[in-house]
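Read the structure below first, then the notes.
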Amino acid sequence: MRRSKRRGQGFTLVELLVVLVILGLLASLVGPRVMQYVGSSRTETARLQIADLATALDLYRLDMGRYPNEQEGLSALVERPPGEERWNGPYLTKRAVPLDPWGNHYQYRVLDDGGDPYDLASLGADGAPGGSGENLDISVRD
């Protein structure tokens with residue numbers, strides 16, 4: 001009788017500590033794996049957004065006969081540049097230039113090397129050129 005009464009009162013401190021140790025071990029094994037998936041999904045999101053921006057830039061070029069210059073930048077995809085009558089935008093469905101998945105602006109620059117007309121890139125999680133892993137730069141050329 002005494003034993004069944006004690007069982008109904010709850011868990012002992014040792015039982016709670018064992019459960020906490022098991023949960024800690026599981027978190028230490030699963031946590032890094034989950035964070036790896038979060039990092040790779042941000043990288044993939046940046047690639048998809050760059051592809052969407054590249055498509056919008058191509059539509060802009062079809063209407064205007066040129067890509068936006070560096071002063072106009074990507075904002076020319078959502079706002080009519082001054083004095084441009086042929087502009088038929090906005091060229092982005094959300095009517096705003098998105099930030100990259102890390103909250104930074106995409107880098108747009110016009111190239112004059114006779115190859116690609118522009119470069120469009122995200123500087124990755126660190127927001128600085130170069131890097132590896134989640135800090136790796138992602139470009140329209142990739």
Does the plane of the ring in Tyr60 sit parallel, tilted or perpendicular to the ring in Tyr91? Use 30° and 60° as the thresholds.
perpendicular
Heavy-atom side-chain contact between [X] and [Y] under 4.5 Å:
X: Pro68; Y: Tyr118; result: no
X: Asp137; Y: Pro129; result: yes
X: Val110; Y: Tyr67; result: no
X: Gln71; Y: Pro81; result: no

Nearest-0.5 Å distance, [atom1] of residue [X] to [atom2] of residue [Y]:
X: Arg66; Y: Glu84; atom1: CZ; atom2: CD; value: 4.5 Å
X: Glu15; Y: Leu20; atom1: CD; atom2: CG; value: 12.0 Å
X: Leu77; Y: Glu72; atom1: CG; atom2: CD; value: 10.0 Å
X: Asp58; Y: Asp63; atom1: CG; atom2: CG; value: 11.5 Å
X: Asp100; Y: Leu53; atom1: CG; atom2: CG; value: 10.5 Å
X: Ile50; Y: Leu57; atom1: CD1; atom2: CG; value: 11.0 Å

CZ of Arg80: more than 12 outside heavy atoms within 6.0 angstrom?
yes
Locate the shortest heavy-atom distance separating [X] from [Y]; write the atom from each residue and the value.
X: Arg95; Y: Val78; result: C-CG1, 3.5 Å
X: Asn104; Y: Gly124; result: ND2-O, 3.6 Å
X: Ser122; Y: Tyr106; result: CB-CE2, 3.7 Å

Quick one, Trp102 with Thr43, criterion side-chain contact (heavy atoms from CB on, under 4.5 Å). Give me CA distance, side-chain angles, the key distance, then yes/no.
CA-CA 9 Å; Trp102 299 279; Thr43 301; 4.1 Å; yes
Examine [X] and [Y] and state if one hydrophobic cluster contains both, with Ile, Leu, Val, Met, Phe, Trp and Tyr joined whenever side-chain heavy atoms are less than 4.5 Å apart.
X: Val97; Y: Ile138; result: yes
X: Leu92; Y: Leu74; result: yes
X: Leu62; Y: Met64; result: yes

Go through the steps for Leu120 and Gln107 under the test side-chain contact (heavy atoms from CB on, under 4.5 Å), then give the verdict.
CA-CA 6 Å; Leu120 181 61; Gln107 305 297 307; over 6 Å; no
Charged N to carboxylate O under 4.0 angstrom, Arg109 versus Asp119?
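Here Arg109 pairs with Asp119 in a salt bridge, since their nearest N and O are under 4.0 Å apart.
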